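Quick caveat: nothing in here was measured; it's all calculated off a predicted structure.
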Amino acid sequence: MLVAVGVYFGLRGMVGTGEIGWMCVLAAFPFAMGGFFTYNGMTFEKFLVAFIRSELLYPKKLVFRSENLYAKALENSSIKEALKLD
């Protein structure tokens, strides 16, 4: 609502009444749609804070480490000599 009020008072002298009404509606539309937004049970405000924290403030450096799960499963078996795991 504050966005629409700001648009109204900002453009009041430059644009006619009909056009300024549509500009106010279009300016307030994204904020109104935020009221219907949910993601994993979070409202738009909570999602925005979580996104900013995870992507901008505390980004994680992901390191790829491969594991041979088959060799780990056979570590304590009798086939260990055949695999030649040292």
Side-chain angles (χ1 to χ4, degrees):
M1 185 171 133
L2 292 176
V3 174
V5 171
V7 168
Y8 176 76
F9 285 116
L11 298 175
R12 180 172 50 173
M14 294 181 269
V15 183
T17 311
E19 292 84 11
I20 202 164
W22 282 106
M23 289 180 184
C24 290
V25 169
L26 291 175
F29 180 74
F31 298 99
M33 290 281 69
F36 297 102
F37 180 86
T38 56
Y39 181 76
N40 287 340
M42 292 185 286
T43 61
F44 180 71
E45 294 86 7
K46 289 181 183 178
F47 171 76
L48 194 60
V49 169
F51 180 79
I52 290 171
R53 281 185 185 162
S54 68
E55 298 298 323
L56 301 175
L57 298 179
Y58 307 114
K60 292 186 170 66
K61 183 177 180 184
L62 300 177
V63 178
F64 175 75
R65 293 188 184 125
S66 63
E67 286 184 62
N68 189 348
L69 296 176
Y70 183 70
K72 279 190 172 187
L74 294 178
E75 278 180 351
N76 298 325
S77 72
S78 61
I79 310 176
K80 184 176 180 182
E81 295 79 25
L83 290 175
K84 298 186 182 192
L85 297 173
D86 294 80

Co-membership, hydrophobic cluster, residues [X] and [Y], 4.5 Å side-chain:
X: M42; Y: L48; answer: yes
X: L56; Y: F44; answer: yes
X: M23; Y: V5; answer: yes
X: W22; Y: F9; answer: no

- [ ] Look at the rings of F47 and F37 and say which category their plane angle falls in: under 30° parallel, 30 to 60° tilted, over 60° perpendicular.
- [x] tilted
Please report the closest heavy-atom contact between [X] and [Y], naming both atoms and the distance.
X: A28; Y: A4; result: CB-CB, 4.2 Å
X: Y8; Y: I20; result: O-CD1, 3.2 Å
X: A32; Y: F36; result: O-CD1, 3.7 Å

- [ ] Mark yes when over 12 heavy atoms from residues, nucleotides or ligands other than L57 sit less than 6.0 Å from its CG; otherwise mark no.
- [x] yes
